[in-house]
Amino acid sequence: MATEKPLGSIIQGSLTKGLEVRLHPDISVEEMRVGKFLIVRGVRSRFFCLLTDVALGTASPRILSNPPRPEDDFMQAVLAGSSTYGTIELSPMLMLNQDLPDDLDLRELIAQENAAASQPGRSTLASYQPQTSAAIQLLPVKTIPTHFSQVYEASERDFRVIFGWEDDPHRRNFAIGQPIDMDVPVCIDLDRFVERSNGVFGKSGTGKSFLTRLLLSGIIRKDAAVNLIFDMHSEYGWEAVSEGKKFNTVKGLRQLFPGRVEVYTLDPDSARRRGIRDAQELYLSYNQIEVEDLALVQRELNLSEASLDSANILRGEFGKNWIAQLIEMTNEDIQLFCDEKRGHKGSIMSLQRKLLRLDNLKYMRPSSKQNSVERVMESLEAGKNVIVEFGSQSDMLSYMLVTNMITRRIHQAYVRKAEKFLASKNPCDRPQQLVITIEEAHRFLDPAIVRSTIFGNIAREMRKYFVTLLVVDQRPSGIDAEVMSQIGTRITALLNDDKDIEAIFTGVSGGQSLRSVLAKLDSKQQALVLGHAVPMPVVIRTRLYDEQFYQEIADIDWEEMSDEAVLEAAVTAKSDLGF
């Protein structure tokens with residue numbers, strides 16, 4: 001169903017370079033904004049397009065050499081629309097096989113299509129492939145409309161065709177925002193979102209944390225996956241400061257979903273000061289650290305290859321307690337050890353000095369009766385979403401060490417589970433989908449180390465083992481290009497650096513036409529969404545994370561619970577874990 005007023009006509013273009021549209025005389029070029037969602041009505045198909053550029057045109061170069069005077073309103077009016085005009089560039093993203101009848105019930109049609117998906121060989125609207133219905137057929141763009149095809153504003157109905165409804169019972173849709181000029185929700189398909197690694201990008205201050213909190217809230221609410229969140233700056237678990245001129249706080253995931261989210265902290269004092277009532281302390285001990293864990297923080301500890309070789313010799317001699325033994329060794333003990341085991345004294349003494357830094361970490365113990373890493377894994381297996389807060393221990397050494405230690409063990413466990421499921425084909429053995437959220441992702445996915453880190457392995461291959469990443473970063477250019485090409489869905493706020501913008505479109509077909517869209521985003525509450533979880537790229541005003549959002553998505557409000565209810569919830573959570 002077209003809007004009543006066409007905006008312009010297609011005058012030229014190509015499939016690869018996009019379409020050029022000349023605006024009609026009564027349409028002001030100032031009404032056109034980069035990122036706008038427009039519809040082109042062709043003879044046989046309807047094309048869904050994104051506005052990528054705006055320009056001014058003239059019928060004769062003589063007008064430019066002798067323009068009318070500023071006060072000559074009459075001559076400007078004479079020239080407007082015929083001799084001077086506005087043009088826009090469109091990038092076609094999807095096409096519909098034919099117009100939708102005015103009386104077509106889209107909800108009923110989409111429900112029928114999704115219900116039919118359970119039959120072998122049938123596809124759904126969510127797969128964005130040709131449909132079985134004669135009334136609706138979304139296709140990738142492989143042709144362009146004819147000359148002088150008319151361009152229209154997109155209607156709410158058009159958005160519903162593409163992005164669906166949040167309350168669709170057949171799909172886990174989640175409204176992440178609205179178009180920049182309409183009040184209709186834009187939904188992402190959470191099932192498609194969690195099955196691949198994804199990224200939230202944007203320069204500092206553009207709201208990456210709020211976008212990430214929105215996405216995690218949707219995943220938890222819709223039970224699309226279980227989450228492990230490494231919260232470097234204590235922004236996701238409990239209250240965090242909102243951005244803006246006035247001081248304000250927003251609720252964390254533990255407050256929104258008290259029965260489904262657990263908080264582990266490396267700094268219990270910080271957790272108590274911030275009012276978290278039942279955060280569980282997370283400790284690490286020397287006997288839990290393996291040589292492979294040290295290799296992943298080699299740069300942070302400034303370890304040489306010779307030091308790692310010495311660590312392997314010590315590990316073979318003393319077993320799990322090798323770090324505690326090394327720290328207690330005197331120079332004479334080291335010399336005696338080198339004489340017997342042919343180790344290098346200088347390398348072992350250097351390793352000893354550098355591992356003494358671990359003594360200064362608040363959460364590090366020589367030995368511990370409880371294995372906190374196993375407790376985290378048990379929480380995840382019980383279907384709990386886990387947030388690991390760092391508090392004052394947010395230095396890069398702690399962040400890299402803890403995230404790598406926990407993630408390496410999860411990697412091993414999920415590989416075993418996936419292999420068991422593939423062997424048995426029993427649905428009960430299928431591992432629950434896991435999403436691991438990491439900040440400062442370029443630290444883990446730098447081209448120099450990505451092939452040796454556990455996060456590089458997950459980004460490249462763990463999708464088949466039911467583990468994916470949600471990377472949050474302000475420097476996407478620092479992430480390995482191969483890893484960026486594996487990022488399924490990219491939600492990107494404003495970026496200014498050309499290298500960062502170029503990195504966002506690594507592995508994206510037709511990404512060059514979207515560069516101008518990304519570069520022209522507002523600095524707040526706008527993002528470009530493209531990739532696996534949405535049928536076409538779209539610019540959105542991000543959904544507000546406010547009291548209305550809490551009411552729509554939260555399980556319960558901690559502040560409304562009595563102390564007895566809070567205590568009961570904490571006891572229930574611990575009993576679920578077998579404590």
Side-chain angles (χ1 to χ4, degrees), residues 1-96 99 141 143-156 158-159 179-182 498 501 510-522 526 528 536-539 541:
M1 183 172 59
T3 54
E4 296 180 356
K5 186 177 181 181
L7 303 177
S9 303
I10 301 293
I11 54 175
Q12 63 180 356
S14 70
L15 185 61
T16 55
K17 296 181 180 180
L19 306 173
E20 183 176 347
V21 178
R22 177 168 172 169
L23 298 177
H24 292 321
D26 57 337
I27 302 298
S28 171
V29 70
E30 295 181 8
E31 298 177 10
M32 301 294 105
R33 297 183 61 185
V34 169
K36 195 178 182 68
F37 188 32
L38 299 175
I39 306 298
V40 179
R41 292 175 58 86
V43 176
R44 298 182 177 179
S45 302
R46 169 180 270 186
F47 297 82
F48 299 91
C49 307
L50 201 64
L51 196 160
T52 58
D53 198 9
V54 183
L56 297 175
T58 58
S60 170
R62 295 177 60 188
I63 299 175
L64 300 179
S65 60
N66 187 26
R69 301 176 66 84
E71 65 274 12
D72 193 349
D73 295 337
F74 176 75
M75 183 56 67
Q76 292 184 33
V78 169
L79 295 176
S82 56
S83 298
T84 61
Y85 52 87
T87 64
I88 57 177
E89 297 286 339
L90 301 183
S91 181
M93 298 296 177
L94 283 176
M95 54 187 288
L96 193 64
D99 282 342
V141 174
T143 186
I144 57 175
T146 60
H147 275 95
F148 314 122
S149 295
Q150 296 300 291
V151 179
Y152 295 87
E153 296 263 11
S155 66
E156 178 177 347
D158 295 316
F159 277 94
I180 56 177
D181 54 358
M182 293 183 66
D498 288 339
I501 294 175
Q512 290 301 315
S513 64
L514 298 174
R515 288 173 61 92
S516 61
V517 177
L518 180 57
K520 299 300 181 184
L521 293 177
D522 289 349
Q526 279 194 8
L528 172 65
M536 61 172 282
V538 61
V539 176
R541 289 179 288 120

Practice task
Would you check if Phe48 and Met95 make a side-chain contact, meaning some heavy-atom pair closer than 4.5 Å?
Solution key: no
Handout entry: Whether His147 side chain and Ile11 backbone form a donor-acceptor pair below 3.5 Å
Key = yes
Exercise for the section: Kindly indicate whether the side chain of Cys49, heavy atoms from C-beta on, has any atom under 4.5 Å from the side chain of Met93. Expected result: no
Handout entry: Nearest-0.5 Å distance, OG of residue Ser91 to CG of residue Leu15
Key = 9.5 Å
Exercise for the section: Check whether any side-chain heavy atom of Leu19 sits under 4.5 Å from a side-chain heavy atom of Ile144, and report yes or no. Expected result: yes
Handout entry: side-chain hydrogen bond (donor to acceptor under 3.5 Å, both in side chains) against Ser9, all qualifying residues, sequence neighbours excluded
Key = Gln150
Exercise for the section: Show your working on salt bridge (Lys or Arg N to Asp or Glu O under 4.0 Å) between Asp158 and Arg46 and close with a plain yes or no. Expected result: CA-CA 10 Å; Asp158 295 316; Arg46 169 180 270 186; 2.9 Å; yes
Exercise for the section: Rounded to the nearest 0.5 Å, what's the gap from CZ on Arg44 to OG1 on Thr143? Could you check? Expected result: 9.5 Å
Practice task
Go through the structure and list residues passing side-chain hydrogen bond (donor to acceptor under 3.5 Å, both in side chains) with Glu31, not counting sequence neighbours.
Solution key: none
Handout entry: Residue pair Ile10 / Arg41, side-chain heavy-atom distance below 4.5 Å
Key = no
Exercise for the section: For the residue pair Phe159 and Phe37, categorise the inter-ring angle as parallel (less than 30°), tilted (30 to 60°) or perpendicular (more than 60°). Expected result: perpendicular
Problem - Side-chain donor or acceptor of Ser45 paired with backbone N/O of Gly42 under 3.5 Å - result: no
Exercise for the section: Taking all heavy atoms of Leu528 and all of Pro537, pick out the closest pair and write down the distance. Expected result: CD1-CB, 4.4 Å
Handout entry: Side chains of Thr84 and Leu56 in contact at under 4.5 Å (non-hydrogen atoms)
Key = no
Problem - Pro61 backbone acceptor or donor facing Thr58 side chain under 3.5 Å - result: no
Practice task
Indicate yes or no: at least one non-hydrogen side-chain atom of Ile88 is less than 4.5 angstrom from one of Leu38.
Solution key: yes
Exercise for the section: Kindly say whether Met182 contributes a backbone atom to a donor-acceptor pair with the side chain of Arg541 at under 3.5 angstrom? Expected result: yes
Exercise for the section: Answer yes or no: is there a side-chain heavy-atom contact under 4.5 Å between Pro179 and Val538? Expected result: no
Fill in the blank from the handout: Interatomic distance, CG@Leu96 vs CD1@Ile39, rounded to 0.5 Å, equals 9.0 Å
Handout entry: Euclidean distance, Arg22 CZ relative to Thr87 OG1, rounded to 0.5 Å
Key = 9.5 Å
Problem - Leu90 side chain reached by Val151 side chain, heavy atoms, under 4.5 Å - result: yes
Problem - Trace of the salt bridge (Lys or Arg N to Asp or Glu O under 4.0 Å) decision for Asp181 with Arg33 - result: CA-CA 9 Å; Asp181 54 358; Arg33 297 183 61 185; over 6 Å; no
Handout entry: Derivation of the side-chain contact (heavy atoms from CB on, under 4.5 Å) call for Leu7 and Val21
Key = CA-CA 9 Å; Leu7 303 177; Val21 178; over 6 Å; no
Practice task
Flag the pair Lys5 and Glu153 as a salt bridge only when some basic side-chain nitrogen lies within less than 4.0 angstrom of an acidic carboxylate oxygen.
Solution key: no
